[in-house]
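Position 1 is the first residue of the sequence, and the numbers go up from there. When reading the values below, keep in mind they use all heavy atoms of this one structure, side chains included, and skip hydrogens, waters and symmetry mates.
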Amino acid sequence: MSVLALSHHERLAGRLAESRASMFVGRTDLLTVFGTAVAAAGHENVAVIFVHGPGGTGKSALLQRFADEARAVGRQVLQVNARGMEPSGQAFESYAGGILDLPAGVLLVDNFEHCQGLEPWLAHEFLPRLPVGALVVLASKNAPCTHWREDLGWSTALHVARLSNLRNAEARELLHRMRVRPSLHDTLIEFTHGHPLALRLAAEIAQRDNLETMTWTSSGPVLRQLVECLVGEAPSPSHQHALEVCAHALNTTEGLLRATLGEQAPALFAWLRRQPYVESGQHGLSPHDLVREILDADLRWRDPAGYQRMHERMSRHLLDEARAATGPDVLPAVLAATYLHRRNGFVSRFLTWNMDSGIYEDTCRPADRADVLRLIEAAEGARSAELAERWMDVQPSAFRVYRLADSRTPVAVMAWLRLTPDLADVVDQDPVTSAAWQHIRSRRPLRDHEHFAVARFMVAADTYQRPSAAMDLMIHRCVAQFLHSDHLAWSFIALASDPFWIAFMEYLDQRSLRDQTPVGARQFTLYAHDWRVVTRKRWMEVGASIELAGPDAKPRPRLHSDSAVVTVLSREEFDRAVLDALGSWHRRDGLAGNPLTRTRLVTAHGDGNPVGALRALLTEAVAALREDPRAEKYHRSVDMRFFRGAPTREVAAERLGLSLSTHQRHLKRGLQRVLDHLWDRELLGEDSEMKVSPASA
């Protein structure tokens, strides 16, 4: 047999093609598109296939498979690698121009991102010169530009496909073909998210070292190689920091970048947006899952202190955004804030952060009533369902359902009951809300305009109250209510008695009541928080911290120990204490024994100097009168009487050049404003603002 008589399959090329085919998995849709195009060339067929996706997703392997498929049906193949090619039309034509003379030719251009600036020229000048029947495949990290849409002819001649990770079944098939132990499959797929290159690298390590189990370290060779392949080198340290922020956040906006990196945020955001491993979504930018894991793990290992600083800046910003969000934006904003803690080995035991579960929160509609009651009865028994039905009559808006996105079927439910003393009769009929009410009355009763809330009937089908996507949403709804419920004095979360949740509730500073509450055959534990003791502001500050000790991390202690020294005053007691403080302004140590120094109003300042904090608050409240032109006269009377040392009202009136009756009227109205302002601060903390009452103007 002569050398020239050897067939393709008798040469090494044929053997290599067979080997490539045996190790290639997935991409069936694209193989079908390509196979159709090469098998029946004609006027109606696709002429250009544009494949794009992040590094390592298998673009080069796909092009090589295309080459083998094309040769197998007798098509001539021209393969071009644009890496290192000068990005000019002349250079491109020198490499790829041969396709213009091949009616049945196939041109495969890999690494097209290196000359992607040529797209307009290709779309409008080079490719229209192709002979009918020729086929071109362009593979790039970047998506095609808009020039293709300017010519309607390309709407049928161009096929665009984005390469993503392998599906679980495809990833398992690849590992099986690479002869990786089945015991390692779940670990490798979980770590790589089905990323083809990551799977192959990890499989090679497992084969080389004959591993039966595998753990990942952020300093390992697989991670370093993946960073180089997927991300490459950032143009500057600022760009690198932007990548690290993007990897740590659920979604990245210009606002988040500005809060962490300053005024260069717009340029950095625009750069991130162009990266092939970053996607744009409803709430901002998010990186490819594997890129996220790699970059976040690398920074955490490489610079723990820098990681901590970045985390805390981001957390403060996202908590502020969660507090400011309204309507349907509230829950996504809260999820974004808590997502920063997903690497915390403690919190990850309780939250899944499964964003792709297909479950979403919705209002509870009358048509949902039967489904909701069935869910509750199946999980907690007939007595709970009976109580839930009563609450649905009293507070139907308190109930939220969690639906499957495809069918809208409710698969979980919870109620956030907003309770006040006027509902005492209904509250006492439910053993759980009654226990909460008794706890409040035995400790720090509600004041005017305050309410308490109970998270009740937290039920998810199948998993009940164990970690799940639905339970995640319910917990985040509770956190959202913590942040947004004005005049909330106490909150309670009612969970079936189970030691599993105790540590997480303590992490949220929800302290379990000693006694359990029976409802039917179940026992429930109430977890309580007095928001007048540990304020929302202080709770958020502690929430911005993170534990970096790994999977065995324990939660940092909250500030509940301060509760022993916080005083809760009624409005009458509070007003009396403010007037006493003003009257004691000039006496040495006159404010030290004032009960205001032990209230939330003062302790929320947290500077360790309650007398100084009280003096600052009183000064600020009086000075605020001067900011309203209508109240300036009130400011002068209050200031003269208390701060400027006028011994009596008569003397103060004389110094101001006012009659005694006019001064007394101004003083009374000014003091009322000061009292109202400070009372609002006591009730709402940092969320209150100076309120101007038209009646007192």
Side-chain angles (χ1 to χ4, degrees), residues 20-21 24-82 92 95-96 98-100 102-167 170 196 276-277 279-280 288:
R20 282 192 292 267
F24 190 93
V25 298
R27 316 308 187 198
T28 53
D29 292 345
L30 264 175
L31 288 173
T32 299
V33 170
F34 182 83
T36 300
V38 297
H43 290 277
E44 302 300 324
N45 290 329
V46 168
V48 176
I49 298 174
F50 196 120
V51 180
H52 65 98
T57 48
K59 297 184 295 296
S60 297
L62 179 66
L63 260 61
Q64 190 58 59
R65 179 66 186 273
F66 283 170
D68 293 336
E69 293 283 326
R71 291 189 180 103
V73 295
R75 301 288 291 265
Q76 290 180 275
V77 177
L78 178 61
Q79 292 178 268
V80 173
N81 191 333
F92 187 92
Y95 280 89
I99 192 67
L100 300 176
L102 296 174
V106 176
L107 170 65
L108 306 173
V109 183
D110 202 1
N111 295 302
F112 181 62
E113 66 272 8
H114 292 281
C115 59
Q116 201 150 348
L118 298 177
E119 276 186 272
W121 174 78
L122 282 171
H124 302 310
E125 296 187 37
F126 180 83
L127 293 174
R129 294 156 54 196
L130 286 175
V132 172
L135 178 63
V136 174
V137 182
L138 306 174
S140 173
K141 288 184 177 180
N142 304 315
C145 70
T146 59
H147 286 279
W148 302 94
R149 294 196 294 269
E150 294 173 0
D151 183 344
L152 294 179
W154 284 115
S155 61
T156 56
L158 173 70
H159 180 86
V160 178
R162 185 182 190 279
L163 285 194
S164 55
N165 291 351
L166 298 175
R167 300 182 181 92
E170 295 167 342
Y277 46 81
E279 296 182 353
S280 298
H288 185 285

May I ask you to decide if Val38's main-chain N or O and Arg75's side chain share a donor-acceptor pair within less than 3.5 Å? yes

Tell me whether Lys59 contacts the main-chain N or O of Gly53 through its side chain, where contact means a donor paired with an acceptor under 3.5 Å. yes

Roughly how far, to the nearest 0.5 Å, is the CG atom of Leu122 from the SG atom of Cys115? 7.0 Å

Side-chain heavy-atom pair Phe24, Gln64 within 4.5 angstrom cut-off: no

Please evaluate residues Glu279 and Arg162 with respect to the criterion side chain to side chain contact (heavy atoms under 4.5 Å, CB included), reporting the C-alpha separation (whole Å), side-chain torsions for both, the decisive distance (0.1 Å), and the verdict. CA-CA 12 Å; Glu279 296 182 353; Arg162 185 182 190 279; 3.2 Å; yes

Side chain of Glu113, backbone of Lys141: donor and acceptor closer than 3.5 Å? yes

Heavy-atom nearest pair, Pro131 first then Leu100, reads CD-O, 3.6 Å

Can you find a pair of side-chain heavy atoms, one from Arg65 and one from Leu31, that are under 4.5 Å apart? yes

Taking the side chain as C-beta and beyond, is there a heavy-atom pair between His52 and Val160 under 4.5 Å? yes

Can you say whether the rings of Phe34 and Phe66 are parallel (under 30°), tilted (30 to 60°) or perpendicular (over 60°)? parallel

So which heavy atom on Arg27 is nearest to which on Glu170, and how close? N-OE2, 4.3 Å

Between atom CG of Leu158 and atom CG of Leu127, what is the distance when rounded to the nearest 0.5 Å? 9.5 Å

For the residue pair Leu130 and Ala134, what are the closest heavy atoms and their distance? CD2-CB, 4.3 Å

How far does OG1 of Thr28 sit from CZ of Arg167, to the nearest 0.5 angstrom? 6.0 Å

Between Trp154 and Trp148, the two heavy atoms sitting closest are CB-O, 3.5 Å

Within a 6.0 Å radius of atom CZ on Arg129, are there more than 12 heavy atoms belonging to other residues, nucleotides or ligands? yes

Do other residues, nucleotides or ligands put more than 12 heavy atoms under 6.0 Å from Tyr95 OH? no

Rounded to the nearest 0.5 Å, the CG atom of Leu163 sits from the CG atom of Leu30 at a distance of 6.0 Å

Which atoms form the tightest heavy-atom contact between Ser140 and Phe112, and what is the distance? CB-CB, 4.0 Å

Do you know which two heavy atoms are closest between Ala82 and Asn111, and how far apart they sit? CB-O, 3.3 Å

Checking side-chain contact (heavy atoms from CB on, under 4.5 Å) between Val137 and each of Val109, Ile49, Val48, which is the one that passes? Ile49

Can you tell me how far the CG atom of Asn81 sits from the CG atom of Leu108, to the nearest 0.5 Å? 11.5 Å

